[in-house]
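Quick notes on the structure that follows.
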Amino acid sequence: MKEALTSLLDQAIKALIAKEQVPEIPDLVPQIDHTKDASHGDLATNLAMVLAKKARMAPRDLAAAIIDALPTNDLIAKTEIAGPGFINFFLNQASHVEVVRSILKNGPKFGSSNSGAGRRAQVEFVSANPTGPLHVGHGRGAAIGDSLSRLLVATGWSVHREFYYNDAGQQIANLARSVQARAQGLTPEDSNWPEDGYRGTYITDLATAYQNKITVSAADRTITALGDIDNLAAIRDFAVAWLRREQDLDLKAFGVRFDEYFLESALYESGEVTDTVTALESAGHTYEEGGALWLRTSDFGDDKDRVMRKKDGEYTYFVPDVAYHFNKWQRGFERVINEQGADHHSTITRVRAGLQGLAKGIPDGWPEYVLHQMVTVMRDGAEVKLSKRAGSYVTLRDLIEWVGKDATRFFLAARSASSQLTFDIDLALSQSNENPVFYIQYAHARVCSVKRKALTEGADWTPEAGLDYLDTLTTSEELALALLLAKFPDVVASAAQRLEPHDVANYLREVAAAFHGLYNAHKLIDEDNKNQSLARISLAEATRQVIANGLDLLGVSAPESM
RNA sequence: CCGCUCGUAGCACAAUCGGAUAGUGCAACGGCCUUCUAAGCCGUAGGUUGCAGGUUCGAAUCCUGCCGGGCGGGCCA
């Protein structure tokens, strides 16, 4: 519909240019928006206001000229000039409801597009080190990252989901010492408990499992515990596998999967870390000072240079980060999107600087980042900071147990990543009837219920049968709902382009509200008015399909009854 | 002190990257079930978009300054 209108406007402008009423403007693409207010019509363009200055005409006069120049067509019922110079388009009935046919025909594919054209994108998210259970921040990352992946798939990209972690660093050594201490019978209160040791009760579970010589399988590794308390390396390997498995269970319960788990240690083993340093040196972006090797990141927008290799010969953390991202580049991902907590924002400049320093033709905005702000968990009016299991933070599993997977995913993905988020447990629970997730799911279940009821009238009371009677859909509720459904492909494309999954959540709430409103205003099934009933069932089914498709993008289920 | 980021109704969040009268849910108040699911609907009330300037046809959105919250600022990761 928008495409058709864009084409009409394009022709109108060309006609005006031919008559020399408007100067030629290269790259002009008429912008057409859905209106917020029905009194402004169905679609509107600000074209006249944008062009007014260059055409040396008053916006409203120019708008009138554009309307005059519009080719005749059978889409538009009427046009109006409004406000400072908006052109409002009122679509006719058929233009409104034709989308129902398209939705039923395309089913789960409705809303998808192919702007990605099969090009390869990678989304890296969660990337938690295996030192403890996933916390709510990881949960937010998982919800957002997975929805981003789904959005990219829906817009035609070939998406690779990756989880990056370190199984050999200082934190892991600390983990191993903590487990060993527990196995030796120490507690965090003891004076010889490891400094900065992990204190959660999961360490105790881990120590017990290790001593019982348990075998654990995670997505990327399987290991059997040796049970030898003195073998720190064996404890470490077991602890990593055990925690990876814990995280896998959390992610599975959350409906999130990965294509690849990438180990930081692999970058050292393959020599890619040292190769990266060598490449940066030969590109002339490094210097030695104070016994350390520095990268001139200030050449690429950083506020000061950074140490790459310390006096003791060890590399600083961002060197493997650069090597890792060069590895991603070499794997041929046209787009790489990193979903991380905002506390990592300072690494963005450094990673990009390192990649630029390699001089391999990597675009300077590559990779892309989506950073999410902190999550605060509230319960009984107070912040929840502790979890017994984790020792110092609320876990993703806690949230799922408290409010369920669907509500957790929705709450964590339905807000803009750039805003700090307060997760109110009481709201999400007391909800049972008030939660926005249920509001949307309820609309879906209602349609399913209507369809079941319709079939009791006769076997031919199907959504498909209604497609022959779409002209009977004429009430304001029906037309508004149809128009809203027609926006879905735009919403998906825009959310994917902006990397903002929460757009989908907001849109679904509008769709659910429009449907609930229609449901209460008009009886959908009326045995005495079969044709109209069938058309309404078609519209309801189209609504259900859009809700199901949208919820799927958020990883939330669409129940057939509630 | 410096950098990034956020500040919207009592609370939690939106606002189609500059559009028209700033929306939605919770909480509050008043209505609607012998009818397809009342986990719903309809209505009322609630705002100087932190503050002060600027840019233009038009600002919650962009710019400057200030105030406040968060996160960073290590040869830690």
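Letters A, B, ... are given to chains in the order of the sequence lines, protein chains preceding strands, and every chain is numbered from 1.
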Checking all strands, does [X] fall into the base, sugar-phosphate, or nothing category for heavy-atom contacts under 4.0 angstrom?
X        : answer
A:Asn506 : sugar-phosphate
A:His522 : base
A:Gly291 : nothing

- Task: Could you check which nucleotide pairs with B:G68 in any of the strands shown, counting Watson-Crick or G-U wobble with both distances under 3.5 Å?
- Result: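 Its partner is B:C6.
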query: Given that both distances must come in under 3.5 Å, which nucleotide forms a Watson-Crick or G-U wobble pair with B:G58?
result: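 Looking at the geometry, B:G58 pairs with no nucleotide.
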Hey, is the side chain of [X] poking within less than 4.0 Å of OP1 or OP2 on [N], counting only N and O atoms?
X        : N     : value
A:Arg306 : B:C76 : no
A:Ser419 : B:A14 : yes
A:Lys36  : B:A20 : yes

>> Please check this pair: side chain of A:Asn88 against backbone of A:Leu43, looking for a donor-acceptor N/O pair closer than 3.5 Å.
In response: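 The answer is no, because no donor-acceptor pair under 3.5 Å joins these two groups.
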| request: Round to a whole Å and report the spacing from CG of A:Leu524 to P of B:C41. | output: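 Taking CG of A:Leu524 and P of B:C41, I get 14 Å after rounding.
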### Query
Is it true that A:Glu124 and A:Lys328 make a salt bridge, defined as a side-chain N closer than 4.0 Å to a carboxylate O?
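Here A:Glu124 pairs with A:Lys328 in a salt bridge, since their nearest N and O are under 4.0 Å apart.
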* First of A:Pro84 and A:Lys310 reached from the 5' end of RNA chain B, by closest nucleotide ->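 Result: A:Pro84.
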Using the P atom as the point on both nucleotides, what is the distance between B:G50 and B:A45, in whole Å?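 It works out to 24 Å between them.
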